[in-house]
Number of protein chains: 2
Amino acid sequence: MTKAPTRIQKRNRAAILSAGLDIFSQYGFRGATLDQIADAAGLSKPNLLYYFPSKEAIHSALLERLLETWLDPLKALDGSGDPITEIMAYAQRKLAMSRDFPRESRLFANEILQGAPRIEEILKSDLKRLVDQKAEIIKAWADDGKIAAIDPHHLIFSIWALTQHYADFDVQVRAVLGGRDPFPDAATHLDHLFQRMLKVEP
Amino acid sequence: MTKAPTRIQKRNRAAILSAGLDIFSQYGFRGATLDQIADAAGLSKPNLLYYFPSKEAIHSALLERLLETWLDPLKALDGSGDPITEIMAYAQRKLAMSRDFPRESRLFANEILQGAPRIEEILKSDLKRLVDQKAEIIKAWADDGKIAAIDPHHLIFSIWALTQHYADFDVQVRAVLGGRDPFPDAATHLDHLFQRMLKVEP
DNA sequence: CGTTCTTTTGACCAGTTGGTCAAACCAGAA
DNA sequence: TTCTGGTTTGACCAACTGGTCAAAAGAACG
């Protein structure tokens, strides 16, 4: 029977997770150190290990929380809605996540770059199942002539690529743009792009 | 005056760079260890340090070689060619690079994810200059009605995102596709996509 | 106030890390 | 064959790594 967490526990656990997100999303699991995370969280290393039993545990907690929310936008894609509206809304939701949760996006990117050792099974089961199911919906729309004929899986990959790029490659994007905020323009750009991509030929 | 490299030097330096590319592209600079690299290169650690003076030196050599070839496809975009052909050829060249040099793509991704500490200045100067110049060309095409009106910078970002995704997120893409090779389908998908994206409205 | 439970810390540990060095080894030219 | 310069290695080092522990310091509550 686990006790209810105290005020201090809540604060410190949150601080550790936020600090861990900062560090892990930048350096990956291997490149991050407990000293860095403890420092960023404003705690001593032994104190940090009082709240999480190991480096692994912090990372696992973050990945778990991430996967939970990461797939929600795709789950929300509704087969009974208007096809083009649905797909474009999904893309805009994902772009908003890149804007509002760039660290989560980079944590995920880092995990995949390292070969996804900790989540490969989930990708092959849960993620694949979800994507296959939504691809089915998109295929039906295409077959019915409601959107242009397009490979559903690669359409989903394209949405991921186009939106996550603005979080994962943020420093490059801003360097090229001379420091300007890319997101407003990115939103209208992707809007135009998906409109043209999906519109049925006259 | 530097001597010409011997046969052994050439072989070992190449082995080290290849091993370094393997390891750095997976784990990033901080996450990679000299022992890993030496092991992958089939050399002892002191022997490795006989050819490169430090971990930094190996990484720098790789980044330098990378940047040299990484921007060539964009440089080749020709303002005097046929607009749609030129842009689509650029996208296909970049996709081919994701297929043929995925480690280089991941090395670059890792560097950017970590905040690009070693190449930020180059991004802000050389890369920005090159992109601005090519964006100029694309803008002229759009103004002349030769391609659809589209934000040139974000068009370039889109090409980067859509193509590099297949290298950087390879394990995710393959997991979702059940292990199938994504590249043939990706090529035709991107072909259709850019065709629709760039075609001028009738 | 004192007691009990939670929280924090300094000292410490074994294994790993990037890097050094002198000595040994080896290939090839004379 | 010997000499020479390039090559390889084992032993070593200081700094850092993830993690432990007992003891000290705070909260919480009657």
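Note that the coordinates shown come from a computational prediction; the quantities given were computed from them, not determined experimentally. Throughout, a chain's letter reflects where its sequence line sits, starting with A, and its residues are numbered from 1.
Remark: K139(A) NZ is loosely packed, at most 12 non-hydrogen atoms of other residues, nucleotides or ligands lying under 6.0 Å away. More than 12 heavy-atom neighbours from other residues, nucleotides or ligands sit within 6.0 angstrom of CZ on F183(A). No more than 12 heavy atoms of other residues, nucleotides or ligands sit less than 6.0 Å from atom CZ of F101(B). Heavy-atom contacts from other residues, nucleotides or ligands closer than 6.0 Å to CD of E136(A) number 12 or fewer.
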Contact list (N/O, under 3.5 angstrom) for nucleotides 13-15 of chain D vs protein:
none

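The two residues E86(B) and A76(B) make their nearest non-hydrogen contact at OE1-O, 3.9 Å. L107(A) approaches L62(A) most closely through the heavy-atom pair CD2-CB, 4.0 Å. Nearest heavy atoms, K124(B) versus A175(A): CG-CB, 3.8 Å.
Within residues 13-25 of chain A, no residue has any heavy atom closer than 4.0 Å to DNA chain C.
The nearest whole Å value for the distance from the NZ atom in K10(A) to the C1' atom in dT7(C) is 17 Å. Rounded to whole Å, atom C1' of dG6(D) lies 13 Å from atom CZ of R11(B). Spacing between atom CG of N47(A) and atom P of dA11(C) amounts to 16 Å, rounded to whole angstrom units. L48(B) has its CG atom 15 Å from the P atom of dG10(D), to the nearest Å.
Checking each of L130(A), V131(A), D132(A) against K134(A) for a side-chain contact (heavy atoms from CB on, under 4.5 Å) leaves exactly one that passes, namely L130(A).
Considering only side-chain N and O atoms, Y50(A) lies under 4.0 angstrom from the phosphate OP1 or OP2 of dT7(C). Taking side-chain N and O atoms only, Y51(A) has a distance below 4.0 Å to OP1 or OP2 of dT8(C). At dT9(C), one or more side-chain N or O atoms of S44(A) fall inside 4.0 Å of OP1 or OP2 (strictly under the cut-off). Within the structure, a side-chain polar atom (N or O) of Q9(A) is placed less than 4.0 Å from OP1 or OP2 of dT7(C). Here N12(B) reaches the OP1 or OP2 of dT8(D): one of its side-chain N or O atoms lies under 4.0 Å away.
The aromatic rings of H189(A) and H154(B) are tilted relative to each other, their planes meeting at an angle between 30° and 60°. The aromatic rings of F157(A) and H153(A) lie tilted to each other, with the angle between the two planes from 30° to 60°.
R93(A) contributes a side-chain N or O that, together with a main-chain N or O of P73(A), makes up a donor-acceptor pair within less than 3.5 Å.
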Walk along nucleotides 15-30 of chain C from 5' to 3' and tag each nucleotide B, S or - by protein heavy-atom contact under 4.0 Å, base first, then sugar-phosphate. --SBBBB------S--
